[in-house]
Amino acid sequence: MEKDNMTQAELIIFLETLAENVEFKAETGKEAAEIIRDKIKQLK
């Protein structure tokens with residue numbers, strides 16, 4: 001079984017990008033969660 005791996009640097013970039021999206025687009029905690037969940041669906 002092949003496992004997807006992400007380096008620490010890639011993870012940091014991903015999390016910063018996600019944080020920026022949430023910061024600029026979300027007005028509530030619920031909207032922030034929706035943005036994150038949508039990103040998870042896109043990556044699957």
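Residues that satisfy the side chain to side chain donor-acceptor pair (under 3.5 Å) test with Thr7, not counting sequence neighbours, are Glu10. Not a single side chain to side chain donor-acceptor pair (under 3.5 Å) links Gln8 to another residue, sequence neighbours left out. Remark: Ile40 pairs with Ile36, Lys44 by the side-chain contact (heavy atoms from CB on, under 4.5 Å) rule, at least two apart or across chains.
Within the structure, every pair that satisfies the side-chain hydrogen bond (donor to acceptor under 3.5 Å, both in side chains) test and touches residues 33-43, not counting sequence neighbours, is listed here: Lys39-Gln42.
Proximity of a side-chain donor or acceptor of Glu16 to a complementary backbone N or O of Ile12 within less than 3.5 Å is not detected.
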N/O donor-acceptor pairs under 3.5 Å from side chains in residues 17-26, not counting sequence neighbours:
| residue | atom | partner | partner atom | Å |
| --- | --- | --- | --- | --- |
| Thr17 | OG1 | Ile13 | O | 2.9 |
| Asn21 | ND2 | Thr17 | O | 3.4 |

